[in-house]
Amino acid sequence: MVTDLAPTLLGMIPGDVAVLAVTPSGAGAPHAALLHGVGCRVGPLAEVVEAAARLQASRSPRWVWWSAEAGASPLVDAGVPVARAWDVAEAHRLLNGGWSATAGECWAAAHGIPLDGVPAAPTGDLFEFAADTPAADPDSVVDRAGYLRGDADQWLRDPAHLQAWAQAALETAHLQHDAAAATSVRLVGTVLSESAAAVLCLELWRDGLPIDRARTEQLLAAAVGPRPTSDAEEAASRRARDEAVLRHVPGRESTDLRNPAQVREMLLAVGVDVPNTRKWVLEPYRTVHPVVDALLTWRRDERIATTYGYRWLDAHVGPDDRLRGRWTACDGAAGRMTAENGLHNLPAVLRPGVAAHQGHVFVRADLGQIEPRVLAVVSGDPAFAAATRADDLYAPVAARLGVERAVAKIAVLAAMYGQRSGAAGEALKGLEQAYPVAMDLLERAAAAGRRGEPLRTYGGRVIPTGRFLAASPVGADLALDAARGRFARNAIIQGAAAELFKAWAATVRATTRDLGAQVVLCLHDELLVHAPAEHAAEVAARVDRALDDAARRWAGGAPVRFVADTSVIARWSDAKE
DNA sequence: CGGTGAACGTA
DNA sequence: CGTACGTTCACCGA
């Protein structure tokens with residue numbers, strides 16, 4: 001089915017725009033609508049994906065979808081190299097803060113109508129007769145109150161409705177674009193970058209992280225013993241691990257090591273009196289009583305046994321020896337990418353198990369001192385920007401303050417994160433003298449956070465601080481205020497660093513694909529690219545160039561230098577540090 | 001059965 | 001421990 005569209009809605013997002021809208025999952029045989037120019041094609045999903053693949057190859061349009069999950073998944077699954085996108089859900093999160101970004105919420109926010117009136121999906125509950133939301137026209141995508149119809153999932157079972165659904169996405173995207181452009185010049189660019197990151201997240205899930213299964217099994221065996229072949233063996237292995245701790249405390253062998261209260265009691269009985277049993281609290285007692293050392297060793301191995309053990313390996317490493325988890329492009333307050341199934345918190349001892357596959361290498365790159373360099377950009381402090389010319393930024397800062405490098409580093413970190421402990425006091429005074437613009441930005445962010453006011457990152461993303469707002473009046477809880485201040489200091493730096501990182505990752509993805517390279521891990525300031533061995537040097541060079549390009553675009557010509565440590569390795573553990 | 005806090009892995 | 005997130009466990013209250 002091909003129909004003509006009135007072109008009145010087209011043209012506000014710059015470039016050649018195409019829209020892909022897909023039947024929600026679980027709503028019968030999947031169909032899709034593809035809008036491009038003045039044409040619309042609606043049909044079975046596979047056919048529309050083919051048409052979209054041809055369009056990608058011939059025009060590389062700016063794809064608009066309600067979300068990457070909803071719109072880009074079929075293309076990513078089909079291996080279509082999506083280049084440009086406007087992701088309505090990601091744009092909504094950037095523009096309004098928060099995580100929830102259903103089509104109905106995005107539509108309402110873009111149209112400036114109250115979010116608390118967004119109709120919920122029908123539950124089939126009898127009480128729905130009592131709801132006072134006006135019934136929607138059977139063929140209209142909006143209800144009589146101007147919201148997207150709440151029963152859209154049901155309504156979209158009819159493929160004839162998909163065109164209107166796609167047009168609604170486009171209308172929302174155009175309104176978001178205008179709102180973003182009116183807010184700041186950078187925010188539009190941030191939406192484009194986050195939209196690309198959302199596609200990258202789907203590819204990270206699709207492609208997975210290459211694993212050396214045999215080596216990983218060896219590492220697990222070293223930590224928690226050989227793979228158990230029965231429940232009984234697993235229980236015996238667990239008892240043996242517990243026994244190694246409990247034999248140090250005769251008479252208290254019944255202590256449940258997994259119960260912190262019982263552990264604390266057990267420690268008290270041997271003369272170790274601690275407020276809690278956290279690692280850094282117990283560390284000083286390692287030599288006081290042998291049970292403490294045994295307990296901390298037990299905890300490390302127990303972590304591997306429960307979280308990163310054989311069950312984890314079997315569940316998340318596929319038959320193609322790839323570790324897979326779901327990724328999100330921009331979660332919560334920090335604005336960083338997140339990943340599930342251990343991709344973001346794999347213990348260092350397991351890293352030798354992450355290995356490039358046959359004929360391939362890893363190009364690993366991590367950003368050096370990204371946070372203070374980001375501070376130089378977002379604050380526009382010329383003196384601090386000058387310090388970023390050094391490979392080691394803390395060296396010129398220390399020279400300027402007349403202190404040791406270590407002191408300068410602690411002071412800068414304290415300013416960015418609101419750290420209170422340690423001897424950063426004097427050096428902090430020096431920082432305020434030497435870099436008043438940067439320090440003022442941080443203090444103003446902290447003050448806004450203490451007042452519970454929303455912040456914006458350098459890229460324009462809204463950071464709500466309201467989630468910390470208690471019922472108590474402002475200023476009633478000093479500890480809470482201080483926590484909000486630290487959160488705010490941190491959020492504008494980590495959030496901006498995350499924006500630069502994603503721009504870099506998206507650029508690497510785009511510029512190394514033709515060499516057969518895949519971005520397989522994104523870890524806040526570190527990238528792992530899986531590449532054919534014969535292209536290793538070229539991929540590494542492009543990773544470095546991508547940083548220069550992304551940083552120049554992101555920082556808008558600010559005289560701030562970013563540096564990457566890039567190396568070609570076989571195993572993740574081959575990286576230095 | 002769902003929510004919460006302790007604990008700990010990563011940056 | 002300065003912040004953030006994901007995972008697992010035991011406990012609590014229904």
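Per chain, numbering begins at 1; letters A, B, ... match sequence-line order. Computed over heavy atoms, backbone and side chain alike; hydrogens, waters and symmetry mates excluded.
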Candidate pair A:D549 and A:T507, rule side-chain hydrogen bond (donor to acceptor under 3.5 Å, both in side chains), full reasoning: CA-CA 8 Å; A:D549 292 344; A:T507 307; over 6 Å; no
Electrostatic pair A:R484:A:D481 at N-O distance under 4.0 angstrom: yes
N-O pairing of A:D392 and A:K409 below 4.0 Å: no
Those residues of residues 295-316 of chain A lying under 4.0 Å from DNA chain C by at least one heavy atom: A:R303, A:T306, A:T307
A:D231 atom CG: more than 12 heavy-atom contacts under 6.0 Å: no
Gap between atoms CH2 and C1', on A:W205 and C:dG6 respectively (whole Å): 15 Å
Residues A:S237 and A:E234: side-chain donor-acceptor under 3.5 angstrom: no
Sugar-phosphate only, base, or nothing, as touched by A:R326 at under 4.0 Å among non-hydrogen atoms: nothing
is_close_aromatic(A:H524, A:F501), centroid dist under 6.0 Å: no
Shortest non-hydrogen separation from A:V529 to A:A517 and the atoms involved: CG1-CB, 3.8 Å
Residues, nucleotides or ligands: over 12 heavy atoms within 6.0 Å of A:E404 CD: no
Carboxylate-amine/guanidinium contact A:E233 A:R227, below 4.0 Å: no
Reported CG-to-CZ distance for the pair A:D548 and A:R553, which is rounded to 0.5 angstrom: 11.0 Å
Whole-Å distance separating the CZ atom of A:R486 from the P atom of C:dA4: 9 Å
Covered region of DNA chain B, 5' end to 3' end, by chain A [heavy atoms, under 4.0 Å]: B:dA6 to B:dA11
A:D366 side chain to A:E526 backbone, donor-acceptor under 3.5 Å: no
Test: A:R93 cationic atom under 6.0 Å from A:W99 six-membered ring centre, within 45° of axis: yes
Integer-rounded Å distance: C:dG2 P and A:L428 CG: 13 Å
Greater than 12 external heavy atoms within 6.0 Å of A:R311's CZ: no
A:E443 bridged to A:R450 by N-O distance under 4.0 Å: yes
A:R351 to A:W572, cation-pi by 6.0 Å centre distance and 45° axis angle: yes
Value in whole Å for how far the C1' atom of C:dC5 lies from CZ of A:F487: 13 Å
Basic-acidic side-chain contact under 4.0 Å: A:D212, A:R571: yes
Whole angstrom value for the distance that separates P of C:dC11 from CG of A:D256: 6 Å
Residues from residues 434-447 of chain A lying under 4.0 Å of DNA chain B - heavy atoms: none
Ring centre gap for A:F562 and A:W504 strictly below 6.0 Å: no
Rounded interatomic separation in angstrom, taking CG from A:N259 and C1' from C:dT8: 14 Å
Members of residues 261-284 of chain A that approach DNA chain C, where some heavy atom sits under 4.0 Å away: A:W280
DNA chain B contacts among residues 489-497 of chain A, heavy-atom distance under 4.0 Å: none
Nearest-Å distance for atom pair CD/P, residues A:E340 and C:dT8: 10 Å
Worked verdict on A:T457 versus A:E499 for side-chain hydrogen bond (donor to acceptor under 3.5 Å, both in side chains): CA-CA 9 Å; A:T457 63; A:E499 285 158 5; 2.5 Å; yes
Heavy-atom closest contact (A:R286 atom, A:D293 atom, distance): NE-OD1, 2.5 Å
Sub-4.0 Å heavy-atom contacts from residues 225-241 of chain A onto DNA chain C, ordered by number: none
Between C:dA4 (P) and A:E526 (CD): distance, integer Å: 22 Å
